Amino acid sequence: MWAVVGMAVVLLSVAAALGMRAVSRQERAPREPIGRRRRMVIVALALTGWFLVYSAVASTLPFVHRDTVAGTAVAAPPELVQAGQPTTTSAKPHADPMASLKVGDCVEVPIQQAKDASGAPSWKAGSPEPSTCNSIDANYRVLQVGPEPCTGPLYTLDSAPRDKTGKVRYHVCMTFDWRVGVCYDTTNMDVPSKVDCGTPGEHIVQATAVFENSTSGAGCPRDGRGAVWVVWSQLQLTVCFRGSDSPGK
């Protein structure tokens with residue numbers, strides 16, 4: 001490459017020298033025009049020199065194109081998007097399943113043994129939870145739901161949760177779930193419990209009828225051994241059992 005450049009420089013120098021000499025002679029003898037042949041020689045030398053210069057420069061271009069830079073290609077960043085106003089999402093309060101109960105629904109209420117003020121054995125109701133009425137654990141039935149206090153003689157349990165200010169949010173008024181055809185362990189009639197009818201025991205009974213607003217067993221159905229019933233006068237409730245049953249005392 002450098003040899004070609006050197007040759008081009010020589011040719012351009014010769015062409016320039018000849019040109020300057022011709023101009024000098026023209027100035028000394030203005031009436032003698034430069035010869036046609038000499039002009040052609042000067043032009044040819046100049047063109048050849050410039051061609052060689054161009055060829056030398058062009059030969060370096062591939063080296064420029066082959067130059068590389070080590071690294072990993074990175075995708076162009078996405079266009080900037082104007083940020084919107086920050087938003088806050090407040091957590092929704094958890095739904096209270098007890099508040100959605102309806103009259104006739106059933107509830108499971110754990111019964112815990114306790115003692116009354118005098119120290120005598122007693123019973124304490126735990127936290128109620130909704131349950132299906134055909135479940136053995138569903139021991140209470142809903143009589144009334146709403147902001148008004150419980151009314152009527154039948155209810156035996158009132159669930160009344162309060163808000164942060166101490167105000168009662170609602171009342172769930174309940175009574176024990178006596179149900180026809182279901183068997184109960186009545187060893188303690190204050191806190192009977194549902195059981196499978198195949199459960200052995202002296203005080204395992206089966207309800208044959210339930211009369212609300214009644215204190216008489218005259219309407220109880222009878223089998224071969226008659227009928228047995230229990231009356232709760234304060235509750236105005238009568239529950240009938242099979243004639244061979246022995247409800248607990």
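Keep in mind that this is a model prediction, so the values were computed, not measured.
Checked by atom type and distance alone, the side chain of Tyr170 never pairs as donor or acceptor with a backbone atom of Met98 at under 3.5 Å. With His203 contributing its side chain and Ser246 its backbone, the two residues share a donor-acceptor pair below 3.5 Å. Using modelled atom types, no side-chain atom of Lys167 and backbone atom of Arg162 make a donor-acceptor pair closer than 3.5 Å. Put simply, the side chain of Thr186 gets close to the backbone of Gly248: a donor and an acceptor are under 3.5 Å apart. Judged purely by atom type and a 3.5 angstrom limit, Gln236 has no side-chain atom pairing as donor or acceptor with the backbone of Ser214.
Taking 4.0 Å as the cut-off between side-chain N and carboxylate O, Asp223 and Arg225 do not count as a salt-bridged pair. Ion pairing between a basic and an acidic side chain is recognised when a charged N comes within 4.0 Å of a carboxylate O; Asp185 and Lys194 show no such pairing. A salt bridge links Arg242 with Asp245: at least one charged nitrogen is closer than 4.0 Å to a carboxylate oxygen. Look at Arg141 and Glu108 and you find no salt bridge, because none of the NZ, NE, NH1 or NH2 atoms lies under 4.0 Å from a carboxylate O.
A side chain to side chain donor-acceptor pair (under 3.5 Å) with Gln144 is found for exactly one of Thr175, Thr151, Asp158, namely Thr151.
Linking ILVMFWY residues whenever their side-chain heavy atoms come closer than 4.5 Å, directly or via other members, places Trp123 and Leu157 in the same cluster.
Within the 4.5 Å cutoff, no side-chain heavy atoms of Tyr184 are placed close to those of Val195.
Under the 30°/60° scheme for interplanar angles, the aromatic rings of Trp178 and Phe241 are found to stand perpendicular.
Considering every non-hydrogen atom in both Pro128 and Val109, the closest pair reads CB-CG2, 3.9 Å.
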